[in-house]
Amino acid sequence: MIDLNISGIIPKNMENRGKLVLNDNLKNIEDIFNHRVIPKQAMSDEEIELFLKLLSLMDTDKDPKSIRIGEREARTSSNIHNRLVSGFCHGVGRSGNLIDPQPKAPGASVMYSLTNSILTSFLKKLGLNVSAIATPIATGMSISLCLSALRKKYGCNTVIYPYAAHKSPIKAVSFSGLKMRLVETVLSEDGESVYVPVEDIENAIKKEINKNDKYGDSNIYTTKYNINNKKEIPCVLSTLTFFPPRKSDDIVEIAKICEEYNIPHIINGAYAIQNQYYIDRLKKAFKYRVDAVISSSDKNLLTPIGGGIIYSKDKEFINEISKTYPGRACATPIVNTLVSLLSIGLNNYKELMKQQKESRKLLHDLLVELANNTNNKVLNIDSPLSICITTNSDPVEIAGKLYNLRITGPRGVRSSDKFGNCYLGNFPYDYVVMNAAIGIKNKDIINAVDKLKYSMAKNKNIMSGEKNGNNYCNSIR
(Lines give C-alpha, C1' and ligand atoms only; values in the text may rest on other atoms or scores of the structure.)
Protein backbone atom coordinates (compact mmCIF):
# COMPACT_ATOMS: atom_id res chain seq x y z
CA MET A 1 0.00 0.00 0.00
CA ILE A 2 2.91 2.34 0.83
CA ASP A 3 5.99 2.10 -1.38
CA LEU A 4 8.92 3.09 0.83
CA ASN A 5 12.24 3.70 -0.89
CA ILE A 6 14.84 2.55 1.63
CA SER A 7 17.17 1.09 -0.98
CA GLY A 8 20.85 1.57 -0.13
CA ILE A 9 20.22 2.68 3.45
CA ILE A 10 20.66 -0.77 4.94
CA PRO A 11 21.92 -4.08 3.53
CA LYS A 12 19.59 -5.63 0.95
CA ASN A 13 18.82 -8.70 3.03
CA MET A 14 17.77 -6.46 5.96
CA GLU A 15 15.74 -4.26 3.62
CA ASN A 16 13.84 -7.28 2.29
CA ARG A 17 13.29 -8.61 5.79
CA GLY A 18 11.97 -5.24 6.99
CA LYS A 19 9.59 -4.87 4.05
CA LEU A 20 8.30 -8.39 4.66
CA VAL A 21 7.39 -7.49 8.26
CA LEU A 22 5.91 -4.16 7.21
CA ASN A 23 3.75 -5.74 4.50
CA ASP A 24 2.48 -8.36 6.94
CA ASN A 25 1.57 -5.62 9.42
CA LEU A 26 -0.27 -3.71 6.71
CA LYS A 27 -1.98 -6.75 5.19
CA ASN A 28 -5.12 -6.55 7.36
CA ILE A 29 -5.51 -2.86 6.54
CA GLU A 30 -5.06 -3.58 2.84
CA ASP A 31 -7.68 -6.36 3.07
CA ILE A 32 -10.21 -3.92 4.54
CA PHE A 33 -9.74 -1.56 1.60
CA ASN A 34 -9.88 -4.38 -0.94
CA HIS A 35 -12.71 -6.55 0.41
CA ARG A 36 -14.72 -4.12 2.58
CA VAL A 37 -16.18 -6.85 4.79
CA ILE A 38 -15.85 -7.67 8.45
CA PRO A 39 -12.61 -9.57 9.07
CA LYS A 40 -12.92 -13.11 10.36
CA GLN A 41 -10.15 -12.53 12.88
CA ALA A 42 -9.87 -9.50 15.12
CA MET A 43 -7.48 -6.72 14.19
CA SER A 44 -5.06 -5.41 16.80
CA ASP A 45 -5.45 -1.96 18.33
CA GLU A 46 -2.22 -0.88 16.64
CA GLU A 47 -3.55 -1.90 13.22
CA ILE A 48 -6.86 -0.12 13.79
CA GLU A 49 -5.16 3.05 15.02
CA LEU A 50 -2.88 3.09 11.98
CA PHE A 51 -5.86 2.49 9.69
CA LEU A 52 -7.78 5.42 11.22
CA LYS A 53 -4.67 7.63 11.15
CA LEU A 54 -4.12 6.97 7.45
CA LEU A 55 -7.70 7.90 6.66
CA SER A 56 -7.81 11.01 8.84
CA LEU A 57 -4.66 12.32 7.15
CA MET A 58 -6.69 12.58 3.94
CA ASP A 59 -8.96 15.29 5.38
CA THR A 60 -8.26 18.89 4.42
CA ASP A 61 -7.59 20.05 7.97
CA LYS A 62 -4.46 17.85 7.88
CA ASP A 63 -3.20 19.52 4.69
CA PRO A 64 -0.13 21.57 5.69
CA LYS A 65 -0.58 23.82 2.63
CA SER A 66 -4.32 24.37 3.01
CA ILE A 67 -5.57 27.93 3.42
CA ARG A 68 -8.68 27.52 5.56
CA ILE A 69 -10.99 30.54 5.44
CA GLY A 70 -14.40 28.90 5.79
CA GLU A 71 -16.66 29.19 8.82
CA ARG A 72 -16.31 25.47 9.50
CA GLU A 73 -12.73 24.31 9.06
CA ALA A 74 -12.25 21.72 11.81
CA ARG A 75 -10.41 24.25 13.95
CA THR A 76 -9.94 22.89 17.46
CA SER A 77 -8.66 24.41 20.68
CA SER A 78 -6.85 21.31 21.93
CA ASN A 79 -5.26 18.15 20.63
CA ILE A 80 -7.59 16.32 22.99
CA HIS A 81 -10.40 17.11 20.52
CA ASN A 82 -8.47 15.47 17.74
CA ARG A 83 -7.87 12.34 19.79
CA LEU A 84 -11.52 12.08 20.86
CA VAL A 85 -12.70 11.98 17.23
CA SER A 86 -9.77 9.84 16.01
CA GLY A 87 -8.66 12.73 13.80
CA PHE A 88 -11.96 13.12 11.92
CA CYS A 89 -12.63 16.69 13.05
CA HIS A 90 -14.74 17.50 9.97
CA GLY A 91 -17.27 14.83 10.90
CA VAL A 92 -19.32 12.91 8.36
CA GLY A 93 -22.10 13.70 5.91
CA ARG A 94 -23.37 16.89 4.36
CA SER A 95 -26.35 19.03 5.24
CA GLY A 96 -28.56 17.22 2.76
CA ASN A 97 -27.63 13.60 3.42
CA LEU A 98 -25.90 11.81 6.26
CA ILE A 99 -24.07 9.37 3.99
CA ASP A 100 -23.04 11.85 1.27
CA PRO A 101 -19.27 12.37 0.82
CA GLN A 102 -17.93 15.54 2.45
CA PRO A 103 -15.52 17.51 0.18
CA LYS A 104 -13.43 18.71 3.12
CA ALA A 105 -13.27 15.19 4.57
CA PRO A 106 -12.22 12.60 1.98
CA GLY A 107 -10.78 10.39 4.71
CA ALA A 108 -13.85 10.59 6.95
CA SER A 109 -16.07 9.93 3.94
CA VAL A 110 -14.09 6.78 3.09
CA MET A 111 -14.19 5.76 6.76
CA TYR A 112 -17.98 6.10 6.93
CA SER A 113 -18.57 4.28 3.64
CA LEU A 114 -16.29 1.44 4.75
CA THR A 115 -18.10 1.28 8.11
CA ASN A 116 -21.44 0.82 6.38
CA SER A 117 -20.03 -1.81 4.01
CA ILE A 118 -18.43 -3.74 6.87
CA LEU A 119 -21.59 -3.42 8.99
CA THR A 120 -23.73 -4.73 6.13
CA SER A 121 -21.36 -7.67 5.58
CA PHE A 122 -21.48 -8.41 9.32
CA LEU A 123 -25.28 -8.61 9.35
CA LYS A 124 -25.27 -10.76 6.23
CA LYS A 125 -22.82 -13.16 7.89
CA LEU A 126 -25.28 -13.42 10.79
CA GLY A 127 -28.01 -14.39 8.33
CA LEU A 128 -29.77 -11.05 7.73
CA ASN A 129 -29.84 -10.21 4.02
CA VAL A 130 -30.05 -6.44 4.49
CA SER A 131 -28.36 -3.13 3.80
CA ALA A 132 -27.25 -1.15 6.82
CA ILE A 133 -25.93 2.19 8.01
CA ALA A 134 -24.30 3.16 11.26
CA THR A 135 -25.89 6.29 12.73
CA PRO A 136 -24.23 8.92 14.94
CA ILE A 137 -27.22 8.86 17.29
CA ALA A 138 -28.57 6.24 19.68
CA THR A 139 -31.65 4.05 19.30
CA GLY A 140 -34.39 6.55 20.12
CA MET A 141 -33.20 9.22 17.73
CA SER A 142 -32.50 6.58 15.07
CA ILE A 143 -36.16 5.56 15.37
CA SER A 144 -37.03 9.21 14.77
CA LEU A 145 -35.04 9.18 11.54
CA CYS A 146 -36.98 6.15 10.34
CA LEU A 147 -40.36 7.64 11.27
CA SER A 148 -39.47 10.92 9.58
CA ALA A 149 -38.58 9.00 6.42
CA LEU A 150 -41.94 7.20 6.55
CA ARG A 151 -43.77 10.48 6.92
CA LYS A 152 -41.91 11.91 3.93
CA LYS A 153 -42.24 8.84 1.69
CA TYR A 154 -45.75 7.66 2.53
CA GLY A 155 -47.40 10.56 4.34
CA CYS A 156 -47.67 8.63 7.61
CA ASN A 157 -49.45 10.64 10.27
CA THR A 158 -50.00 8.15 13.11
CA VAL A 159 -47.77 5.56 14.74
CA ILE A 160 -49.56 2.47 16.02
CA TYR A 161 -47.49 1.50 19.05
CA PRO A 162 -48.01 -1.80 20.88
CA TYR A 163 -47.36 -0.48 24.36
CA ALA A 164 -43.87 -0.94 25.77
CA ALA A 165 -43.00 1.33 28.66
CA HIS A 166 -39.85 2.82 27.21
CA LYS A 167 -39.57 6.58 26.96
CA SER A 168 -37.15 6.64 24.03
CA PRO A 169 -39.47 5.30 21.29
CA ILE A 170 -42.40 7.24 22.74
CA LYS A 171 -40.37 10.45 22.58
CA ALA A 172 -39.14 9.46 19.11
CA VAL A 173 -42.71 9.50 17.84
CA SER A 174 -43.32 12.93 19.33
CA PHE A 175 -40.00 14.25 18.02
CA SER A 176 -40.95 13.10 14.52
CA GLY A 177 -44.17 15.12 14.69
CA LEU A 178 -46.43 12.09 14.40
CA LYS A 179 -49.42 11.14 16.51
CA MET A 180 -49.51 7.92 18.49
CA ARG A 181 -52.18 5.29 18.96
CA LEU A 182 -51.27 3.01 21.85
CA VAL A 183 -52.37 -0.61 21.77
CA GLU A 184 -52.56 -1.86 25.34
CA THR A 185 -50.95 -4.99 26.73
CA VAL A 186 -52.93 -7.83 28.29
CA LEU A 187 -52.00 -10.37 30.95
CA SER A 188 -51.08 -13.85 29.73
CA GLU A 189 -53.26 -16.79 30.74
CA ASP A 190 -50.72 -17.99 33.29
CA GLY A 191 -50.47 -14.49 34.76
CA GLU A 192 -46.69 -14.35 34.39
CA SER A 193 -46.20 -12.03 31.41
CA VAL A 194 -47.83 -9.24 29.43
CA TYR A 195 -48.12 -8.94 25.67
CA VAL A 196 -50.06 -7.14 22.92
CA PRO A 197 -52.41 -9.42 20.92
CA VAL A 198 -51.83 -9.12 17.18
CA GLU A 199 -55.60 -8.93 16.59
CA ASP A 200 -55.67 -5.75 18.69
CA ILE A 201 -52.90 -4.30 16.52
CA GLU A 202 -54.85 -5.21 13.40
CA ASN A 203 -57.98 -3.57 14.82
CA ALA A 204 -56.00 -0.39 15.50
CA ILE A 205 -54.80 -0.41 11.88
CA LYS A 206 -58.37 -0.79 10.67
CA LYS A 207 -59.57 2.11 12.78
CA GLU A 208 -56.82 4.39 11.52
CA ILE A 209 -57.44 3.38 7.91
CA ASN A 210 -61.17 3.91 8.30
CA LYS A 211 -60.60 7.32 9.88
CA ASN A 212 -58.38 8.44 7.01
CA ASP A 213 -60.43 6.83 4.24
CA LYS A 214 -61.75 9.78 2.28
CA TYR A 215 -63.90 7.49 0.12
CA GLY A 216 -65.59 5.67 3.00
CA ASP A 217 -64.95 2.30 1.38
CA SER A 218 -66.82 -0.26 3.46
CA ASN A 219 -64.56 -3.00 2.15
CA ILE A 220 -61.37 -1.26 3.22
CA TYR A 221 -60.66 -3.90 5.89
CA THR A 222 -60.41 -6.69 3.36
CA THR A 223 -58.27 -4.97 0.75
CA LYS A 224 -54.79 -3.57 0.66
CA TYR A 225 -54.50 0.04 1.71
CA ASN A 226 -53.92 2.01 -1.50
CA ILE A 227 -51.62 4.87 -0.55
CA ASN A 228 -52.35 6.62 -3.84
CA ASN A 229 -55.96 7.14 -2.74
CA LYS A 230 -55.20 8.36 0.77
CA LYS A 231 -54.05 11.62 2.24
CA GLU A 232 -52.52 10.07 5.33
CA ILE A 233 -51.75 6.54 6.49
CA PRO A 234 -50.65 4.90 9.74
CA CYS A 235 -47.50 2.92 10.39
CA VAL A 236 -46.59 0.38 13.06
CA LEU A 237 -43.67 0.62 15.48
CA SER A 238 -43.26 -2.85 17.01
CA THR A 239 -40.89 -3.95 19.77
CA LEU A 240 -38.75 -7.06 19.45
CA THR A 241 -36.47 -6.60 22.47
CA PHE A 242 -37.64 -5.47 25.89
CA PHE A 243 -37.49 -6.21 29.61
CA PRO A 244 -39.64 -9.00 31.02
CA PRO A 245 -42.45 -9.39 31.90
CA ARG A 246 -43.23 -7.60 28.60
CA LYS A 247 -42.96 -10.25 25.90
CA SER A 248 -41.59 -9.48 22.46
CA ASP A 249 -44.16 -8.41 19.92
CA ASP A 250 -45.03 -11.10 17.41
CA ILE A 251 -43.15 -9.28 14.65
CA VAL A 252 -43.76 -12.03 12.11
CA GLU A 253 -47.54 -11.81 12.40
CA ILE A 254 -47.38 -8.02 12.54
CA ALA A 255 -45.27 -8.04 9.37
CA LYS A 256 -47.89 -10.22 7.67
CA ILE A 257 -50.68 -7.83 8.72
CA CYS A 258 -48.72 -4.79 7.55
CA GLU A 259 -48.12 -6.46 4.20
CA GLU A 260 -51.82 -7.27 3.88
CA TYR A 261 -52.88 -3.68 4.53
CA ASN A 262 -49.83 -2.11 2.84
CA ILE A 263 -48.84 -0.36 6.07
CA PRO A 264 -45.21 0.61 6.84
CA HIS A 265 -43.61 -1.30 9.70
CA ILE A 266 -40.59 -0.30 11.81
CA ILE A 267 -39.10 -2.67 14.40
CA ASN A 268 -37.32 -1.56 17.56
CA GLY A 269 -34.72 -4.30 17.98
CA ALA A 270 -32.42 -2.45 20.36
CA TYR A 271 -30.36 -5.51 21.33
CA ALA A 272 -31.53 -7.94 18.65
CA ILE A 273 -28.22 -8.67 16.92
CA GLN A 274 -26.51 -10.48 19.79
CA ASN A 275 -28.75 -13.54 20.00
CA GLN A 276 -29.83 -16.04 17.34
CA TYR A 277 -33.36 -16.16 18.74
CA TYR A 278 -33.95 -12.54 17.73
CA ILE A 279 -32.09 -12.93 14.43
CA ASP A 280 -34.32 -15.87 13.46
CA ARG A 281 -37.42 -13.83 14.28
CA LEU A 282 -36.15 -10.99 12.09
CA LYS A 283 -35.36 -13.34 9.20
CA LYS A 284 -38.94 -14.62 9.25
CA ALA A 285 -40.42 -11.12 9.55
CA PHE A 286 -38.33 -9.86 6.62
CA LYS A 287 -40.28 -12.23 4.38
CA TYR A 288 -43.23 -9.87 4.83
CA ARG A 289 -43.51 -6.10 5.50
CA VAL A 290 -40.60 -4.70 7.47
CA ASP A 291 -39.37 -1.31 6.32
CA ALA A 292 -36.47 -0.98 8.76
CA VAL A 293 -35.05 -2.29 12.03
CA ILE A 294 -33.18 -0.20 14.58
CA SER A 295 -30.55 -1.65 16.90
CA SER A 296 -28.09 -0.14 19.34
CA SER A 297 -24.35 -0.15 18.74
CA ASP A 298 -23.51 -0.18 22.44
CA LYS A 299 -25.91 -3.00 23.32
CA ASN A 300 -24.74 -5.23 20.47
CA LEU A 301 -21.23 -4.18 19.48
CA LEU A 302 -19.78 -3.13 22.85
CA THR A 303 -19.26 0.52 21.88
CA PRO A 304 -19.69 3.59 24.08
CA ILE A 305 -23.25 4.90 24.04
CA GLY A 306 -24.18 7.25 21.23
CA GLY A 307 -24.55 5.23 18.04
CA GLY A 308 -27.25 3.28 16.28
CA ILE A 309 -27.66 0.71 13.51
CA ILE A 310 -30.46 0.88 10.93
CA TYR A 311 -30.97 -1.96 8.48
CA SER A 312 -33.49 -2.89 5.84
CA LYS A 313 -34.00 -5.08 2.78
CA ASP A 314 -34.69 -1.85 0.87
CA LYS A 315 -31.40 -0.08 0.19
CA GLU A 316 -33.20 2.91 -1.31
CA PHE A 317 -35.22 3.37 1.87
CA ILE A 318 -32.00 3.33 3.89
CA ASN A 319 -30.85 6.21 1.70
CA GLU A 320 -34.16 8.01 2.35
CA ILE A 321 -33.61 7.59 6.08
CA SER A 322 -30.14 9.10 5.85
CA LYS A 323 -31.61 12.17 4.15
CA THR A 324 -33.76 12.96 7.18
CA TYR A 325 -30.69 13.72 9.31
CA PRO A 326 -30.14 17.50 9.38
CA GLY A 327 -26.60 18.75 8.93
CA ARG A 328 -23.25 17.08 9.40
CA ALA A 329 -22.63 14.64 12.22
CA CYS A 330 -19.88 13.91 14.70
CA ALA A 331 -17.68 11.08 13.46
CA THR A 332 -17.01 9.57 16.91
CA PRO A 333 -20.06 7.24 17.12
CA ILE A 334 -19.31 5.99 13.60
CA VAL A 335 -15.66 5.40 14.45
CA ASN A 336 -16.74 3.52 17.58
CA THR A 337 -18.89 1.17 15.51
CA LEU A 338 -16.05 0.59 13.03
CA VAL A 339 -13.53 -0.02 15.82
CA SER A 340 -15.78 -2.64 17.42
CA LEU A 341 -16.37 -4.47 14.15
CA LEU A 342 -12.62 -4.60 13.44
CA SER A 343 -11.45 -5.29 16.99
CA ILE A 344 -13.94 -8.12 17.60
CA GLY A 345 -14.03 -9.74 14.17
CA LEU A 346 -16.66 -12.18 12.96
CA ASN A 347 -15.30 -15.31 14.64
CA ASN A 348 -14.93 -13.65 18.03
CA TYR A 349 -18.41 -12.17 17.77
CA LYS A 350 -19.92 -15.58 17.15
CA GLU A 351 -18.01 -16.84 20.18
CA LEU A 352 -19.43 -13.96 22.24
CA MET A 353 -22.92 -14.96 21.09
CA LYS A 354 -22.23 -18.53 22.21
CA GLN A 355 -20.96 -17.31 25.59
CA GLN A 356 -24.03 -15.10 26.02
CA LYS A 357 -26.30 -18.07 25.51
CA GLU A 358 -24.34 -20.12 28.05
CA SER A 359 -24.39 -17.24 30.53
CA ARG A 360 -28.15 -16.93 30.15
CA LYS A 361 -28.54 -20.61 31.02
CA LEU A 362 -26.29 -20.19 34.06
CA LEU A 363 -28.35 -17.20 35.24
CA HIS A 364 -31.56 -19.17 34.78
CA ASP A 365 -30.28 -22.17 36.74
CA LEU A 366 -29.03 -20.04 39.62
CA LEU A 367 -32.24 -18.02 39.84
CA VAL A 368 -34.40 -21.17 39.75
CA GLU A 369 -32.35 -22.53 42.65
CA LEU A 370 -32.74 -19.24 44.53
CA ALA A 371 -36.47 -19.14 43.84
CA ASN A 372 -36.94 -22.70 45.10
CA ASN A 373 -35.05 -21.86 48.30
CA THR A 374 -37.02 -18.68 48.98
CA ASN A 375 -40.59 -19.71 48.09
CA ASN A 376 -40.51 -17.60 44.94
CA LYS A 377 -40.60 -18.42 41.24
CA VAL A 378 -38.89 -17.58 37.98
CA LEU A 379 -41.56 -16.22 35.69
CA ASN A 380 -42.36 -18.04 32.46
CA ILE A 381 -41.21 -15.47 29.91
CA ASP A 382 -39.55 -16.32 26.61
CA SER A 383 -36.56 -13.97 26.66
CA PRO A 384 -33.07 -15.02 25.52
CA LEU A 385 -31.40 -12.29 27.60
CA SER A 386 -33.42 -11.49 30.74
CA ILE A 387 -35.10 -13.36 33.59
CA CYS A 388 -37.68 -12.30 36.21
CA ILE A 389 -37.62 -13.69 39.73
CA THR A 390 -40.47 -12.86 42.09
CA THR A 391 -39.72 -11.52 45.54
CA ASN A 392 -41.57 -11.59 48.86
CA SER A 393 -40.20 -8.21 49.82
CA ASP A 394 -39.95 -4.77 48.27
CA PRO A 395 -38.21 -5.22 44.88
CA VAL A 396 -37.25 -1.54 44.64
CA GLU A 397 -35.43 -1.76 47.96
CA ILE A 398 -33.71 -4.94 46.82
CA ALA A 399 -32.55 -3.26 43.60
CA GLY A 400 -31.29 -0.33 45.68
CA LYS A 401 -29.33 -2.66 47.93
CA LEU A 402 -27.81 -4.33 44.89
CA TYR A 403 -26.76 -0.94 43.54
CA ASN A 404 -25.09 -0.11 46.86
CA LEU A 405 -23.36 -3.49 46.66
CA ARG A 406 -21.96 -2.31 43.29
CA ILE A 407 -24.24 -4.50 41.17
CA THR A 408 -25.57 -2.51 38.22
CA GLY A 409 -28.30 -3.62 35.85
CA PRO A 410 -31.03 -5.36 37.91
CA ARG A 411 -34.48 -3.74 37.89
CA GLY A 412 -36.81 -4.02 40.85
CA VAL A 413 -40.49 -3.49 39.94
CA ARG A 414 -43.51 -3.47 42.23
CA SER A 415 -46.74 -5.12 41.12
CA SER A 416 -48.49 -1.74 41.26
CA ASP A 417 -45.98 0.02 38.97
CA LYS A 418 -48.03 0.27 35.79
CA PHE A 419 -45.21 1.86 33.81
CA GLY A 420 -42.55 -0.60 34.94
CA ASN A 421 -44.79 -3.56 34.17
CA CYS A 422 -45.97 -2.20 30.79
CA TYR A 423 -49.43 -3.10 32.08
CA LEU A 424 -52.28 -0.79 33.03
CA GLY A 425 -53.61 -3.19 35.65
CA ASN A 426 -51.89 -4.58 38.72
CA PHE A 427 -49.33 -7.21 37.82
CA PRO A 428 -49.63 -10.37 40.01
CA TYR A 429 -46.03 -10.27 41.28
CA ASP A 430 -43.32 -8.06 42.69
CA TYR A 431 -40.12 -9.04 40.92
CA VAL A 432 -36.50 -8.34 40.04
CA VAL A 433 -35.19 -8.55 36.48
CA MET A 434 -31.68 -9.90 35.91
CA ASN A 435 -29.88 -9.83 32.55
CA ALA A 436 -27.24 -11.88 30.75
CA ALA A 437 -26.38 -9.72 27.76
CA ILE A 438 -23.44 -10.09 25.41
CA GLY A 439 -20.07 -9.49 27.01
CA ILE A 440 -21.13 -10.57 30.50
CA LYS A 441 -18.83 -12.87 32.49
CA ASN A 442 -20.03 -15.98 34.31
CA LYS A 443 -18.23 -14.85 37.46
CA ASP A 444 -20.29 -11.64 37.40
CA ILE A 445 -23.51 -13.64 37.18
CA ILE A 446 -22.47 -15.82 40.11
CA ASN A 447 -21.51 -12.80 42.24
CA ALA A 448 -24.68 -10.91 41.30
CA VAL A 449 -26.98 -13.82 42.23
CA ASP A 450 -25.10 -14.30 45.51
CA LYS A 451 -25.67 -10.66 46.38
CA LEU A 452 -29.28 -10.87 45.25
CA LYS A 453 -29.70 -13.78 47.67
CA TYR A 454 -28.12 -11.68 50.41
CA SER A 455 -30.29 -8.65 49.60
CA MET A 456 -33.50 -10.65 49.57
CA ALA A 457 -32.67 -12.31 52.90
CA LYS A 458 -31.53 -8.99 54.41
CA ASN A 459 -34.68 -7.23 53.30
CA LYS A 460 -37.00 -9.82 54.82
CA ASN A 461 -36.65 -13.23 56.37
CA ILE A 462 -37.81 -15.15 53.33
CA MET A 463 -35.96 -18.33 54.11
CA SER A 464 -38.53 -19.61 56.61
CA GLY A 465 -40.87 -21.06 53.99
CA GLU A 466 -43.98 -19.60 55.67
CA LYS A 467 -45.47 -18.24 52.46
CA ASN A 468 -45.14 -19.05 48.83
CA GLY A 469 -44.69 -16.35 46.22
CA ASN A 470 -48.26 -16.45 44.96
CA ASN A 471 -49.86 -16.19 48.40
CA TYR A 472 -47.55 -13.42 49.48
CA CYS A 473 -48.22 -11.34 46.38
CA ASN A 474 -51.94 -11.77 46.98
CA SER A 475 -51.63 -10.84 50.66
CA ILE A 476 -50.00 -7.46 50.05
CA ARG A 477 -52.82 -6.11 47.89
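Hydrogens, waters and symmetry mates are skipped; everything else that's a heavy atom, side chains included, is used.
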Atom pairs and distances, side-chain donor-acceptor, residues 263-273, under 3.5 Å, sequence neighbours left out:
from: His265; atom 1: ND1; to: Arg289; atom 2: O; distance (Å): 2.8
from: His265; atom 1: NE2; to: Ser238; atom 2: OG; distance (Å): 2.8
from: Asn268; atom 1: OD1; to: Ala270; atom 2: N; distance (Å): 3.3
from: Tyr271; atom 1: OH; to: Phe242; atom 2: N; distance (Å): 3.2
from: Tyr271; atom 1: OH; to: Phe242; atom 2: O; distance (Å): 3.3

I'd like to know whether Asn82 forms a side chain to side chain contact (heavy atoms under 4.5 Å, CB included) with Cys89, so could you lay out the CA-CA distance, the side-chain angles of the two residues, the decisive distance to 0.1 Å, and finally the verdict. CA-CA 6 Å; Asn82 193 56; Cys89 299; 3.3 Å; yes
Could you tell me which residues satisfy ring pair (Phe, Tyr, Trp, His ring centres under 6.0 Å) with Tyr112, sequence neighbours excluded, listed by chain and number?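 Checked Tyr112 against ring pair (Phe, Tyr, Trp, His ring centres under 6.0 Å); zero matches.
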I'd like to check the ring pair (Phe, Tyr, Trp, His ring centres under 6.0 Å) partners of Tyr349; sequence neighbours left out, ordered by chain and number.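 Ring pair (Phe, Tyr, Trp, His ring centres under 6.0 Å) check on Tyr349 returns Phe122.
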[X] side chain near [Y] side chain, heavy-atom distance below 4.5 Å:
X      : Y      : result
Ile118 : Leu342 : yes
Leu379 : Pro244 : no
Val378 : Leu370 : no
Lys124 : Thr120 : yes
Asp394 : Arg414 : yes
Val339 : Leu52  : yes
Leu452 : Ile389 : yes
Arg360 : Ile387 : yes

Only counting residues at least two apart or in another chain, list the ones meeting side-chain hydrogen bond (donor to acceptor under 3.5 Å, both in side chains) with His364.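 Once residues adjacent in sequence are excluded, His364 has no partner under the side-chain hydrogen bond (donor to acceptor under 3.5 Å, both in side chains) criterion.
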Does the salt bridge (Lys or Arg N to Asp or Glu O under 4.0 Å) test come out yes or no for Lys256 and Glu253, once each step is laid out? CA-CA 5 Å; Lys256 290 179 182 179; Glu253 291 303 314; 3.3 Å; yes
Using atom types as modelled and distance alone, determine if a side-chain donor or acceptor of [X] lies under 3.5 Å from a backbone N or O of [Y].
X      : Y      : answer
Gln274 : Ile438 : yes
Thr324 : Ile321 : yes
Thr390 : Lys377 : yes
Asn116 : Ala134 : yes
Ser174 : Ile170 : no
Tyr161 : Ala164 : yes
Gln356 : Ala436 : yes
Ser386 : Asn435 : no
Ser78  : Ile80  : yes
Asp430 : Ser415 : yes

[atom1] of [X]: more than 12 outside heavy atoms within 6.0 angstrom?
X      : atom1 : value
Lys287 : NZ    : no
Lys357 : NZ    : no
Phe419 : CZ    : yes
Glu189 : CD    : no
Leu424 : CG    : yes
Phe175 : CZ    : no

Looking only at heavy atoms, what is the nearest atom pair of [X] and [Y], with distance?
X      : Y      : value
Cys235 : Leu178 : SG-CD2, 4.4 Å
Arg246 : Cys422 : CB-SG, 3.8 Å
Ile344 : Leu352 : CG2-CD1, 4.1 Å
Leu405 : Ser455 : CD1-OG, 3.6 Å
Pro162 : Ile201 : CG-CD1, 3.7 Å
Glu192 : Ser188 : N-OG, 3.3 Å

Salt-bridge contact Lys361-Glu358 (side-chain N to carboxylate O under 4.0 Å): no
Ion pair Glu208/Lys211, N-O distance below 4.0 Å: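 Judged by the 4.0 Å cut-off on N to carboxylate O distance, Glu208 and Lys211 do form a salt bridge.
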Acceptor/donor pairs from residues 276-286 side chains to any protein atom, 3.5 angstrom cut, sequence neighbours excluded:
from: Gln276; atom 1: NE2; to: Asp280; atom 2: OD1; distance (Å): 2.9
from: Tyr277; atom 1: OH; to: Arg281; atom 2: NH1; distance (Å): 2.7
from: Tyr277; atom 1: OH; to: Asp382; atom 2: OD2; distance (Å): 3.1
from: Arg281; atom 1: NH2; to: Asp249; atom 2: O; distance (Å): 2.8

To the nearest 0.5 Å, how far apart are [atom1] in [X] and [atom2] in [Y]?
X      : Y      : atom1 : atom2 : answer
Ile398 : Tyr454 : CD1   : OH    : 12.5 Å
Tyr261 : Glu202 : OH    : CD    : 3.5 Å
Leu362 : Ile440 : CG    : CD1   : 9.0 Å
Asn97  : Asn319 : CG    : CG    : 5.0 Å
Tyr311 : Ile318 : OH    : CD1   : 10.5 Å

Let me see the working for Asn421 and Val194 under side chain to side chain contact (heavy atoms under 4.5 Å, CB included), right down to the final yes or no. CA-CA 8 Å; Asn421 293 313; Val194 297; 5.9 Å; no
Under 3.5 Å, side-chain donor or acceptor atoms of residues 140-147 against the rest of the protein: list the pairs with distances, not counting sequence neighbours.
from: Ser142; atom 1: OG; to: Thr135; atom 2: OG1; distance (Å): 2.8
from: Ser142; atom 1: OG; to: Ile137; atom 2: O; distance (Å): 3.2
from: Ser142; atom 1: OG; to: Ala138; atom 2: O; distance (Å): 3.0
from: Ser144; atom 1: OG; to: Ala172; atom 2: O; distance (Å): 3.1

Residues Ser312, Val130; criterion side chain to side chain contact (heavy atoms under 4.5 Å, CB included); working and verdict: CA-CA 5 Å; Ser312 172; Val130 293; 5.8 Å; no
Looking just at side-chain N and O atoms, do [X] and [Y] make a donor-acceptor pair shorter than 3.5 Å?
X      : Y      : result
Thr374 : Asn376 : yes
Tyr195 : Asp250 : no
Ser416 : Asn426 : no

Are Val236 and Ile257 close enough, and set up right, to give a side chain to side chain contact (heavy atoms under 4.5 Å, CB included), and what steps lead you there? CA-CA 10 Å; Val236 176; Ile257 292 169; over 6 Å; no
